[in-house]
Every structure is written in C-alpha cells, then in structure tokens.
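Here's the structure we're looking at; comments come further down.
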Amino acid sequence: MTPDGPPPIEAAAAALRRARRVVVLTGAGVSAESGVPTFRDALTGLWSRYRAEDLATPQAFLANPKLVWDWYAARREKLAQVEPNDGHRALARLEALVDDLLVVTQNVDGLHHRAGSRNVLELHGRLDRTLCFREGTESEPDPSDTGTPPRCPRCGAHLRPGVVWFGEALPAGAFDRACEAAAAADLCLSVGTSGLVEPAASIPRVALGNGVPVIEVNPDATPLTASATWHLRGASGVVLPQLVELAFGSS
Ligand code: BV8
C-alpha cells in the first residue's frame, strides 16, 4: 500500500473494472497450482542433470532424440492428470466481463482452453501436438509405431513435440498480434512469468511504453516488478479470483 493510497489490489481492481480491452500474458506460474512444474523448477528423474533450456532446443533433439522425446512424453502424460486451477478459471470468467480479453500464453499445456478461455494466443505451441521434424507440419504416429521418437507416417522423419524450442521462431504473426493488442489495451496483466524468455517477456513493456498500466501477479519479484504499475504478490490461483471479484463482484 502506498502511504496514502488504497491497497494495490483495490487500485488494480478499480483499473480492471474501468478497462474495456485487456491483455493478459501468462507463464508457467499460472499452471503451478495445477501441479504442472514451472520451467524454473528443477527437472527430476532421468533429466535431473539437465536444465530445461538445454533440452528444449532442436540441437538437443538432434543430438539425443530419445532423451528429448521421452522428456516431453513424460510431461504429456503428467498433463493428462491435471486440471485447470482457480487462476485459469478467473481469467475465463473475466473474458465474459470485459469487452475484449486476449490471453497471450507462453504455456504449452492447453489449460486456459480447458478452463473455458476462448481468446487465447499460444506463443510457444502445444505439448499435445506432434509435428514432423522435417516438414514442421502436424503429423501423428502410426498406432503400431512404438519408436521413441516415432516416425512421420508420411516421410519417415522423426516426429517432434509441437512446441517452439529455444532458437526457433514463434508462430508466424503471433508476437506481432500480441504486441498490437498490448499497445491498444486499456490494461495489461503479467501473471506467473519470470520474464526471462524473449520475445514474450517484452509484451508488458510494450504495454507500458504505450501508456497502458500493467498489473503483475507473482509471488516473487521479476525484472518487470520495478516498472509494473501494481505488483500483486501472491499465487495466481489466489490473487486472480480476488482481483476479479473485487472488480466485478462474486460470480
Ligand atoms: C526466438 C516451449 C528468434 C518448450 C518455451 C541466445 C541464443 C538463442 C536465442 C536466445 C539467446 N538469448 C536469448 C534468446 C532468445 C530465447 C530466450 O529467451 N532464451 C532465454 C533462455 C534467455 N528465446 C527464443 O529462442 C525464442 N525464439 O527468440 O526466436 C528467431 C527469430 C526468427 C528465426 C529464428 C529464431 C523462443 C522461446 C520459446 C522457448 N520455448 N516453451 C517447452 O515448454 O519445453 S519457453 C518456456 O519458458 C516455457 O514456455 C515457459 O513458459 C517459459 C519460461 O518462462 P515462464 O513461463 O516465466 O516460467 P518460469 O518457470 O521461468 O517462471 C515461472 C514464474 O512463475 C516465476 O516467476 C515464479 O515466481 C512464478 N510462480 C510460481 N508459482 C506461481 C507463480 N506465479 C503465480 N502463481 C503461482 N502459483
């Protein structure tokens, strides 16, 4: 709380109540309360001696296709056991309460869609999609193919997870669309992201550079915290429902 102002969450809720166009950047932290490990969480098991950034690259896949494929297969299996949390649901509720809400997510888990959000821009692809490594197009393995990785039924190249690896370009136009929306918004939220991965991390800065206020929701400080208009310290599964309820009343 500033010395003579309302608590940050009340000021942030007032801004949300006035906003017509809202852009929300989410990162791995928004899925943490669903039990999906964040990227900063140490990798476990077979992969405990690797950093995520070292495995999530085309070079790592070319060097050791099985190791990288098995890491993604294990993450995909875990995804089948998790559910969206109250933070995802608060954003899905918010979409019906403002004129125009765009969720721009770095996450590959599909949980925003499962929570009911419809206007979602996935910057880094989807864990549950599979591509032909050679063509880059969607391709599913033949059910009889138990290889790890399996082969593309069309051309025989390895299949790969449908995510954007480090060193790879984001989906065509996705980043430009996110920046245009952030620049034209009345309010931007940055939720559950360490702000270390580019170009996604620059989206809240684009908002600020265009005079758009930014609410950051994170239990920790990040490189954005000092310049955010409000920093709401806490878990998104707790803070987002509070913020939406303060702004619009209970569901
Ligand atoms: C690109 C899919 C250009 C894969 C991901 C040197 C060489 C090459 C590139 C670079 C370089 N230096 C910089 C770069 C750019 C690089 C980059 O940013 N590197 C980093 C490591 C420095 N970026 C890229 O390569 C991008 N592409 O630049 O292309 C180009 C252009 C044209 C042609 C060719 C190339 C592509 C980046 C995409 C990488 N793929 N995911 C996979 O999932 O395996 S990114 C990956 O990182 C995830 O998507 C994840 O979302 C993201 C990590 O960020 P966060 O989401 O913030 O997660 P993190 O764990 O870091 O933080 C969690 C936060 O939540 C924390 O702050 C924590 O406090 C908070 N939290 C925890 N609990 C909660 C919570 N918050 C709220 N509530 C809670 N309960």
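Each ligand, and each atom within it, is numbered from 1 in the order the structure gives. Starting from 1, each residue takes its place in the sequence as its number.
- For the pair Gly237 and ligand 1, no heavy-atom separation below 4.0 Å is found.
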#### Entry: side chain to side chain contact (heavy atoms under 4.5 Å, CB included) assessment of Ile9 paired with Trp230
CA-CA 8 Å; Ile9 194 165; Trp230 300 283; over 6 Å; no

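- The protein heavy-atom contact nearest to atom 45 (S) of ligand 1 is His124 ND1, 3.4 Å.
- Gln106 is listed as a side-chain neighbour of Leu25, based on a closest heavy-atom distance under 4.5 Å.
- Taking distance alone, with nitrogen or oxygen atoms compared against 3.5 Å, Val197 stays at or beyond that limit from ligand 1.
- Between the side chains of His112 and Thr26, a donor-acceptor pair is found at a separation under 3.5 Å.
- In this structure, Glu135 does not pair ionically with Arg154, as no charged nitrogen and carboxylate oxygen lie closer than 4.0 Å.
- Within a 4.0 Å radius of atom 13 (C) of ligand 1, the protein has no heavy atom.
- Ranking protein heavy atoms by distance to atom 35 (C) of ligand 1, first place goes to Gly167 O, 3.4 Å.
- In terms of polar-atom proximity, Gln106 is counted as a contact of ligand 1, with an N or O under 3.5 Å from an N or O of the ligand.
- By the 4.5 Å heavy-atom criterion applied to side chains, Val238 and Asp86 are not counted as neighbours.
- Listed by number with element, the atoms of ligand 1 under 4.0 Å from a non-hydrogen atom of Ala32 are 73 (N).
- In terms of protein heavy-atom proximity, atom 15 (C) of ligand 1 is closest to Glu198 O, 4.1 Å.
- Between Pro199 and ligand 1, no N or O atom pair is found at a separation short of 3.5 Å.
- On a distance-only criterion, Gly234 and ligand 1 share no N/O pair closer than 3.5 Å.
- Close N/O approach between Asp220 and ligand 1 is found [any backbone or side-chain N/O within under 3.5 Å].
- For ligand 1, none of its N or O atoms has an N or O atom of Glu53 under 3.5 Å away.
- For atom 10 (C) of ligand 1, the nearest protein heavy atom lies 4.0 Å away or farther.
- Remark: ligand 1 and Gly192 share an N or O pair separated by less than 3.5 Å (distance only, no angle test).
- Using a cut-off of 4.0 Å between Lys/Arg side-chain N and Asp/Glu carboxylate O, Arg40 and Glu53 are scored as salt-bridged.
- Remark: minimum distance from atom 33 (C) of ligand 1 to any protein heavy atom is reached at Ala169 CB, 3.7 Å.
- Considering backbone and side-chain atoms together, Asn218 places an N or O closer than 3.5 Å to an N or O of ligand 1.
- If you look at Leu196 next to ligand 1, the close heavy atoms, those under 4.0 Å, all belong to the backbone.
- Between Arg151 and Asp145 there is no salt bridge, since no side-chain N of the basic residue sits under 4.0 Å from a carboxylate O of the acidic one.
- Residue Glu33 touches ligand 1 through its side chain alone, judged by heavy-atom distances below 4.0 Å.
- Ligand 1 places these atoms under 4.0 Å from at least one heavy atom of Ala235: 78 (N), 79 (C), 80 (N).
- For atom 65 (O) of ligand 1, the choice among Gly125, Gly29, Ser236 with the nearest heavy atom turns out to be Gly29.
- Taking 4.0 Å as the cut-off, Asn107 counts as a neighbour of ligand 1 on heavy-atom distance.
- With Arg160 contributing its side chain and Cys132 its backbone, the two residues share no donor-acceptor pair below 3.5 Å.
- Using a 4.5 Å heavy-atom cutoff, the side chains of Val24 and Leu101 are in contact.
- At a threshold of 4.5 Å between non-hydrogen side-chain atoms, the residues Leu131 and Thr137 do not count as touching.
- Of the protein's non-hydrogen atoms, the one nearest atom 58 (O) of ligand 1 is Ala28 CB, 3.4 Å.
- When the heavy atoms of Thr193, Leu224, Val164 are ranked by distance to atom 55 (P) of ligand 1, first place goes to Thr193.
- A salt bridge links Glu198 to Arg205: one of the charged nitrogens lies within less than 4.0 Å of a carboxylate oxygen.
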### Task
I would like to know whether Leu127 and Tyr72 meet side chain to side chain contact (heavy atoms under 4.5 Å, CB included); could you show each step before the answer?
CA-CA 7 Å; Leu127 198 50; Tyr72 281 93; 3.3 Å; yes

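- No side-chain donor-acceptor contact under 3.5 Å links Asn210 to the backbone of Val212.
- For Asn64 (side chain) and Leu67 (main-chain N/O), a donor-acceptor pair under 3.5 Å exists by modelled atom type.
- Nearest protein heavy-atom contact of atom 1 (C) of ligand 1 is Glu168 O, 3.5 Å.
- Taking atom 61 (O) of ligand 1 as the reference point, the nearest protein heavy-atom neighbour is Arg40 NE, 2.4 Å.
- A salt bridge does not link Arg21 to Asp100: none of the charged nitrogens lies less than 4.0 Å from a carboxylate oxygen.
- Within the 4.5 Å cutoff, the side chain of Thr130 has heavy atoms near those of the Arg76 side chain.
- Between Phe39 and ligand 1, at least one N/O pair is under 3.5 Å apart.
- No donor-acceptor pair under 3.5 Å is formed between the side chain of Glu216 and the backbone N or O of Ala228.
- Put simply, atom 29 (O) of ligand 1 has protein non-hydrogen atoms near it, under 4.0 Å away.
- When each atom of ligand 1 is checked for a heavy atom of Gly27 under 4.0 Å away, the hits are 56 (O).
- Distances below 4.0 Å separate heavy atoms of Arg75 from the following atoms of ligand 1: 42 (C), 43 (O), 44 (O).
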